[in-house]
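Got a structure here, written out as structure tokens. Questions coming.
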2 protein chains.
Amino acid sequence: MNVEHYADAAISRIAAAIGEPARARILYCLMDGHARTSTELSVVAEVSPSTGSVHLSRLKAERLVKVVVQGKHRYYSLEGPNVAHTLEGLSVLAGGSRARFVPNTPSRLRVARTCYDHLAGTLGVLLHDRFQTLRWLSVDSTEAYDLTPHGAKAFEALGIDLEVTRMLRRRFAYGCLDWSERRPHIGGALGAALLKVALKRKWVLQDLDSRALGITSLGRREMLARFGVHV
Amino acid sequence: MNVEHYADAAISRIAAAIGEPARARILYCLMDGHARTSTELSVVAEVSPSTGSVHLSRLKAERLVKVVVQGKHRYYSLEGPNVAHTLEGLSVLAGGSRARFVPNTPSRLRVARTCYDHLAGTLGVLLHDRFQTLRWLSVDSTEAYDLTPHGAKAFEALGIDLEVTRMLRRRFAYGCLDWSERRPHIGGALGAALLKVALKRKWVLQDLDSRALGITSLGRREMLARFGVHV
DNA sequence: TTCATACTTTGACGGTAGACGAATTATTCA
DNA sequence: TGAATAATTCGTCTACCGTCAAAGTATGAA
């Protein structure tokens, strides 16, 4: 059976799954990479638990979310970075020409935010460029970034275990295109590890109900001292 | 008014517009970058002209397609590369894990195809890499590729007027990520110009009802002679 | 074992989105 | 000008999708 012949039908199924307002609220809420329970998501979606459950099973059937069962809780999260990226793509289209000419994205999202599970926004792009300038990161098109020996040293110094990071079943690092900046930031396992460190050391604080990240004064100092980046 | 606060609603509107089967057929058909009339698209969508017209006005309202009026014909086409990319993203999600493990994309689409209005597939990626090796193309992340003096000479030799190409109201060249190869090919005005030359000189032939491109034996010879690329 | 909590499944209901044909507008060609 | 073609608008109809309450399952605590 030729799948390609029915590609339009497949696209429409996925898009329809995303296109229902309650389901879109669920997906948008999950874009920060966190997992949430069925009831939490039903509240976000502004529907009853039963309705929420129906929506979630639809999203699961379409492989847009995955679920981890833990006792009587079911934790739902986006199925993977691809899903997050496509949602970003849709939000760019949704922004339309308005966003292109008068960027009215709230500055909190522009300055620093999460992109699925790594750093994005101005800060993400600044770090990306800085690491390149410092020759910590060898960049070869959008795919397969890697750390130079210098870079490896620097990341180890942050407490990131590169052995472990490389073992993860995902791409190590790549240029993830930032829709607000239209320039790449660091995605992949390395980007996720970096965000984790930044959160752990309280360089940035995570907003509970959006993907915005707040930079602390400690964060500012450290960014300058460690990377020479003014935020 | 804070647009970001309603981002989920905006996403859902766009996705719902794409998610209707007839509209998905229309969009998918337009992914080759060509413009088509309302009646043609109604046939593709398998609906009556009146229904097709309603769908098209919805797609226009959501800025997914644009229309050029020429006499009594209305030519519809995708609003821009962003739309095509997002549709590609959706089709990747639609492919699901199957596509990841057993790539069952028909080989005709893998070898060479159009991505909106430029060359993609194995051929597109091969050329991209070759131009880089030859130092014709200076690649700086995904954004803002440019031609080196050598590259400029080579492209002019193909009959491409770079003055004109640079004047177009779109990005000159950039790395466009290829979903079948997971590597970049040349997008933007330069990529479009290259495809135009390849079609004009009959190096590749365009399939009428898909984005597949067939490479002619002349094309093979020229690719080898001019670029040192084996196809 | 029994109660409580988390979540899903089922069934009935209502609103809306998409379908078409007929009528209308717009443009070309004779 | 009038006929022919392209496309849209309008009115009506139907089918499906999302909604919820209630009943059902599963897990954990008392």
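Keep in mind that what you see is a predicted model, and the values were worked out from it rather than measured. Within every chain, numbering begins at 1; the chains are lettered A, B, ... in the order of the sequence lines, protein sequences first and strands thereafter.
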From CZ of A/Arg58 across to C1' of C/dT10 the rounded distance in Å is 18 Å

5'-most contact on DNA chain D (nearest-nucleotide basis), A/Gln70 vs A/Glu46, goes to A/Glu46

Which atom pairs, donor and acceptor, lie under 3.5 Å between side-chain atoms of residues 9-20 of chain B and protein residues at least two apart or in another chain?
residue : atom : partner : partner atom : Å
B/Ser12 : OG   : B/Ala9  : O            : 3.4
B/Arg13 : NE   : B/Glu62 : OE2          : 3.4
B/Arg13 : NH2  : B/Glu62 : OE1          : 3.3
B/Glu20 : OE1  : B/Ala22 : N            : 3.0
B/Glu20 : OE1  : B/Arg23 : N            : 3.2

Extract from the structure each pairing of a protein N or O with an N or O of nucleotides 7-12 of chain D at less than 3.5 Å, listing the distance.
residue : atom : partner : partner atom : Å
D/dA7   : OP1  : B/Arg74 : N            : 3.2
D/dA7   : OP2  : B/Thr39 : N            : 3.4
D/dA7   : OP2  : B/Thr39 : OG1          : 2.1
D/dT8   : OP1  : B/Tyr76 : OH           : 2.5
D/dT8   : OP2  : B/Ser38 : OG           : 2.9
D/dT8   : OP2  : B/Ser53 : OG           : 2.6
D/dT8   : O5'  : B/Ser53 : OG           : 2.9

Phosphate oxygens OP1/OP2 of C/dA17: is one of them under 4.0 Å from a side-chain N or O of B/His55?
no

*In terms of side-chain heavy atoms, does A/Tyr75 have a donor or acceptor partner in A/His34 at a distance below 3.5 Å?*
no

Atom CD of A/Glu20 and atom C1' of D/dC16 are separated, to the nearest Å, by 13 Å

Whether A/Tyr174 and A/His85 hold their rings parallel, tilted or perpendicular, with breakpoints at 30° and 60° = perpendicular

Exercise. Using atom types as modelled and distance alone, determine if a side-chain donor or acceptor of B/His73 lies under 3.5 Å from a backbone N or O of B/Gln70.
Key: no

In whole angstroms, the gap separating C1' of C/dT8 from CG of A/Leu59 amounts to 15 Å

Across all chains, not counting sequence neighbours, the salt bridge (Lys or Arg N to Asp or Glu O under 4.0 Å) partners of A/Glu222 are A/Arg226

Item to complete: Verify whether one side chain among A/Thr51 and A/Ser48 offers a donor that lies under 3.5 Å from an acceptor in the other.
Response: yes

